[in-house]
Asks: 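Questions regarding the structure given below will be posed in turn.
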Amino acid sequence: MGHDEGDGEGARIAGVDEVPADDSFLFTVRETDGGDEKEAILVELSDGSIAGWLNYCMHWTDVTLDSGDGAVRNGELVCRKHAATFEPDSGVCTHGPCEGAELDPIRVEVRDGAVYLVDPGYEFVQQGVDTDPVDLSTSPGSRVGF
Ligand code: FES
């Protein structure tokens with residue numbers, strides 16, 4: 001992907017139109033340092049700007065906020081595991097077991113009707129997430145037993 005020219009350019013994540021007005025938009029990034037893939041979300045804020053966050057709860061950090069069907073409920077990001085709520089603009093947990101903790105931010109920029117990833121810590125991988133579960137029927141040898 002040849003969109004990492006720097007100078008605040010960044011890689012295009014999605015058109016602004018693709019970010020739902022009242023829900024989250026799921027995408028995948030890769031850590032520049034270490035190369036791990038991470039799930040991330042875009043959220044449109046009440047002033048029309050767009051915020052980016054890693055898609056993981058601050059309580060149990062392997063739990064995703066958006067599991068493919070959106071994370072926004074009544075204007076807040078909600079973890080369905082134990083019902084923590086996070087402000088979509090600040091990322092602060094306002095209620096729940098991780099109250100006061102903050103989501104990991106991803107810097108994004110809106111330009112010419114599109115949202116760009118401008119965070120030096122992350123590279124854009126794809127829209128959505130790789131949801132292919134390990135399919136036992138087509139992955140011979142990947143599991144023993146049964
Ligand atoms: S894992 Fe999110 S609130 Fe517990």
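Computed from a prediction, not measured in an experiment: that's the story for all the values here. Order of appearance sets the numbers: ligands from 1, and atoms from 1 within every ligand.
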Asks: Does Arg111 count as lying over the ring of Tyr116, i.e. NZ or CZ under 6.0 Å from the six-ring centre, within 45 degrees of the axis?
Replies: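 Cation-pi check for Arg111 and Tyr116: passes.
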
Asks: Please output the residues near ligand 1 using a strict heavy-atom distance under 4.0 Å, listed in chain and residue-number order.
Replies: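 Cys57, His59, Trp60, Val63, Cys79, Lys81, His82, Ala84, Pro97.
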
Asks: Can you tell me how far CG of Asp69 sits from CG of Asp23, rounded to the nearest 0.5 angstrom?
Replies: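 Asp23 atom CG to Asp69 atom CG measures 8.0 Å (nearest 0.5 Å).
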
Asks: Given side chains that start at C-beta, do those of Glu31 and Tyr122 come closer than 4.5 Å, heavy atoms only?
Replies: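 The answer is yes; the side chains approach within 4.5 Å.
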
Asks: Strictly distance-based, threshold 3.5 Å: is any side-chain N or O of Asp104 a donor or acceptor partner for the main-chain N or O of Leu54?
Replies: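 Not at all, since once roles are kept as given, no pair shorter than 3.5 Å links the two residues.
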
Asks: Between Arg73 and Asp22, does any NZ, NE, NH1 or NH2 come within less than 4.0 Å of an OD or OE carboxylate oxygen?
Replies: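 Salt bridge flag = no for Arg73 with Asp22.
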
Asks: Which of parallel (below 30°), tilted (30 to 60°) and perpendicular (above 60°) describes Trp60 and His82?
Replies: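 Rings of Trp60 and His82: perpendicular, over 60°.
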
